[in-house]
Amino acid sequence: MKIATWNVNSLNVRLPQVKGWLEQNPVDVLCMQELKLVDERFPRQDFEDLGYQGVDSFGQPTYNGVATISRAAGRDVVRNIPGFDDAQSRVLTLTVSSEFGDLRIINAYFVNGQEPGSDKFRYKLDWLRHLHGFVAGELRQHPRLVLLGDFNITADDRDSWDPVGLKGTIHHTDEEREALRSLLALGLFDSFRQFEQPEKTFSWWDYRMLGFQKNRGLRIDYVLLSDALRPMLRACHIDRAPRKLPKPSDHAPVVVTLEGAA
DNA sequence: ATGGCATGCTGTGCATGA
């Protein structure tokens with residue numbers, strides 16, 4: 001079973017690339033972020049035609065928006081974080097069936113935060129606190145859980161092209177990293193780091209300054225798995241190929257492979 | 001030191017991203 005996350009930076013613009021990628025990479029579940037699309041305009045039929053009967057989107061105009069597509073319909077869908085009043089569409093949670101039982105999948109577009117000390121940064125930390133509470137509750141009910149998406153946080157210095165120059169700037173602050181550590185402390189682990197990975201492997205590159213060509217990037221897209229899924233994890237990799245296409249998303253997809261008995 | 005690029009909107013520059 002393969003599960004992927006990809007910040008597509010406008011599904012309107014990127015739909016042909018997403019479809020092309022799915023044809024080459026027929027994953028079982030694809031979680032997308034930054035749709036920049038309302039649900040009424042979600043291209044459901046395009047995904048159904050590719051064999052995805054489960055199509056759940058949680059969009060809004062212009063900004064944010066997340067969607068999860070899967071082979072069979074998702075169940076017990078939750079939009080955003082219950083009890084946290086939020087005008088922005090950032091979290092979509094649902095259950096899918098798998099060969100090792102039900103999987104709870106939390107697809108999240110974490111707040112960017114813009115700049116430490118700003119209102120947006122305070123919103124980011126507040127949002128992270130509430131996400132922590134939500135994930136804790138979900139884990140109690142669903143031992144097999146996946147938390148994935150665009151985290152907008154570098155977990156540590158290995159995840160940044162310039163950890164010294166960017167120390168303390170957005171995506172690199174102690175507060176953000178502490179919030180990520182506290183999510184992991186709930187009983188999750190970073191699937192990417194379970195395998196030997198080339199140094200300077202990133203999932204996002206700035207459109208400006210030839211960021212991709214110079215590999216000036218960040219690893220900010222993650223697939224976290226609950227401890228119960230550790231025996232099933234076979235691979236995790238970041239697919240840079242779509243970033244090389246004309247008019248790419250600034251993010252690359254992250255793919256995990258799970259196998260094995262229940 | 002700065003801006004650099006991309007997207008959406010009812011716009012014709014601005015807000016946002018990371």
Side-chain angles (χ1 to χ4, degrees), chain A residues 5-18 21 31-43 57-67 86-91 107-128 131 148-180 192 200-222 238 240 242-254:
Chain A
T5 178
W6 192 4
N7 178 322
V8 297
N9 187 15
S10 169
L11 188 57
N12 268 332
V13 174
R14 224 67 63 197
L15 181 61
Q17 288 189 24
V18 174
W21 186 81
C31 296
M32 291 175 278
Q33 303 87 35
E34 277 210 88
L35 305 178
K36 302 186 175 180
L37 195 67
V38 293
D39 291 335
E40 293 70 30
R41 293 182 60 198
F42 189 89
S57 73
F58 178 38
Q60 70 174 78
T62 313
Y63 300 117
N64 309 307
V66 288
D86 193 350
Q88 305 187 11
S89 302
R90 295 187 172 277
V91 190
N107 172 9
Y109 174 46
F110 287 41
V111 177
N112 176 309
Q114 205 160 64
E115 187 180 7
S118 66
D119 286 345
K120 291 195 172 84
F121 190 73
R122 278 183 284 277
Y123 165 56
K124 181 175 197 171
L125 296 181
D126 199 28
W127 185 92
L128 284 164
L131 180 73
L148 79 176
D150 175 358
F151 281 43
N152 274 321
I153 301 171
T154 57
D156 61 57
D157 284 354
R158 291 175 295 176
D159 301 314
S160 176
W161 68 277
D162 185 13
V164 175
L166 294 173
K167 186 176 172 58
T169 66
I170 197 67
H171 307 126
H172 298 71
T173 67
D174 291 341
E175 294 100 316
E176 293 166 284
R177 288 178 173 179
E178 179 53 37
L180 178 48
F192 182 81
K200 302 187 193 308
T201 300
F202 305 126
S203 67
W204 171 88
W205 301 262
D206 202 312
Y207 285 122
R208 300 164 292 186
M209 285 173 43
L210 301 173
F212 184 66
Q213 290 87 334
K214 296 179 176 174
N215 196 31
R216 295 182 172 180
L218 306 174
R219 189 176 73 97
I220 51 178
D221 299 87
Y222 296 79
I238 297 171
R240 296 161 57 99
R243 189 62 176 79
K244 300 172 183 171
L245 298 171
K247 291 192 75 74
S249 167
D250 40 0
H251 293 254
V254 186

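Order of the sequence lines sets the chain letters (A, B, ...), proteins ahead of strands, with each chain counted from 1. Every value quoted in this text rests on a predicted model; they were computed, and no experiment measured them.
Applying the 90° criterion around 0 to the glycosidic angle, B/dG11 comes out anti.
The nucleotide whose nearest atom lies closest to any side-chain atom of A/Met209 is, among B/dC5, B/dC9, B/dG3, B/dG3. Of the candidate nucleotides B/dG8, B/dA6, B/dG17, B/dA6 has the atom lying nearest to any side-chain atom of A/Arg14. In the set B/dC5, B/dG17, B/dC9, the nucleotide with an atom closest to the side chain of A/Gln114 is B/dG17. Here the nucleotide nearest the side chain of A/Arg90, chosen from B/dG8, B/dA18, B/dG17, is B/dG17. Among B/dC5, B/dC9, B/dG17, the nucleotide with an atom closest to any side-chain atom of A/Thr62 is B/dC9.
We find that CD of A/Gln33 is positioned 20 Å from P of B/dT16, with the value rounded to whole Å. Atom CD of A/Glu176 is separated from atom P of B/dG17 by 13 Å (rounded to the nearest Å). B/dT16 atom P lies 15 Å from atom NZ of A/Lys124, rounded to whole Å. The distance between atom CZ of A/Arg41 and atom C1' of B/dC9, rounded to the nearest whole Å, is 11 Å. The CG-P distance, from A/Asp206 to B/dT7, rounds to 13 Å in whole Å. Distance CG (A/Asn112) to C1' (B/dA15): 12 Å, rounded to an integer number of Å. Atom OH in A/Tyr63 sits roughly 9 Å away from atom C1' in B/dG17 (whole-Å rounding). Atom CD of A/Gln60 and atom C1' of B/dT16 are 12 Å apart (whole Å).
Expressed to the nearest 0.5 Å, how far CG of A/Asp221 lies from CZ of A/Phe110 amounts to 10.5 Å. Between the OH atom in A/Tyr63 and the CZ atom in A/Arg90 there is a gap of 11.5 Å [rounded to 0.5 Å]. Considering CG of A/Leu218 and CD1 of A/Ile170, their distance stands at 11.0 Å, rounded to 0.5 Å.
Remark: A/His171 is not in phosphate contact with B/dG17, judged by side-chain N or O atoms under 4.0 Å from OP1 or OP2. Distances shown here put a side-chain N or O of A/Tyr109 below 4.0 Å from the OP1 or OP2 atom of B/dA18. Contact annotation: A/Lys120 reaches the phosphate of B/dT16 (side-chain N/O to OP1 or OP2, under 4.0 Å). Within the structure, every side-chain polar atom (N or O) of A/Lys36 is placed at least 4.0 Å from both OP1 and OP2 of B/dC9.
Note on A/Asn152: only backbone sugar-phosphate atoms sit closer than 4.0 angstrom, heavy atoms only; bases stay farther off. A/Phe202 comes within 4.0 angstrom of nothing in the nucleic acid, heavy atoms only. Among the atoms of the strands shown, none is found under 4.0 Å from any heavy atom of A/Asp221. Residue A/Asn7 is classed as a sugar-phosphate contact, given heavy-atom separations below 4.0 Å to backbone atoms only. Using a 4.0 Å heavy-atom distance criterion, A/Arg216 is classed as making no nucleic acid contact. When heavy atoms are screened at a 4.0 angstrom cut-off, A/Leu210 is found touching no nucleic acid atom at all. The residue A/His172 sits apart from the nucleic acid: no heavy atom pair falls under 4.0 Å.
When the P atom is compared between B/dT2 and B/dA6, the two are found 23 Å apart, to the nearest whole Å. Nucleotides B/dA15 and B/dT10 are separated by 14 Å at their P atoms, to the nearest Å. A gap of 15 Å separates the C1' atoms of B/dG3 and B/dA18, to the nearest Å. The C1' atoms of B/dG4 and B/dC9 are separated by 23 Å, rounded to the nearest whole Å.
For A/Gln88 and A/Leu35, each mapped to the nucleotide of DNA chain B holding its nearest heavy atom, the one lying further toward the 5' end belongs to A/Leu35. Positionally, the nearest nucleotide of DNA chain B for A/Pro61 lies more toward the 5' end than for the other of A/Pro61 and A/Glu34.
The backbone N or O of A/Lys247 sits less than 3.5 Å from a side-chain atom of A/Arg14, completing a donor-acceptor pair.
Under 3.5 Å, the side chain of A/Asn9 and the base of B/dA6 form no donor-acceptor pair of N or O atoms.
Residues A/Thr154 and A/Arg177 have side chains that bring a donor and an acceptor to within less than 3.5 angstrom of each other.
When the options A/Asp150, A/Asn64, A/Thr5 are evaluated for a side-chain hydrogen bond (donor to acceptor under 3.5 Å, both in side chains) with A/Gln33, the one that passes is A/Thr5.
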> What's the verdict on side chain to side chain contact (heavy atoms under 4.5 Å, CB included) for A/His171 and A/Asn112, showing C-alpha distance, side-chain angles and the deciding distance?
Replying inline: CA-CA 8 Å; A/His171 307 126; A/Asn112 176 309; 4.2 Å; yes
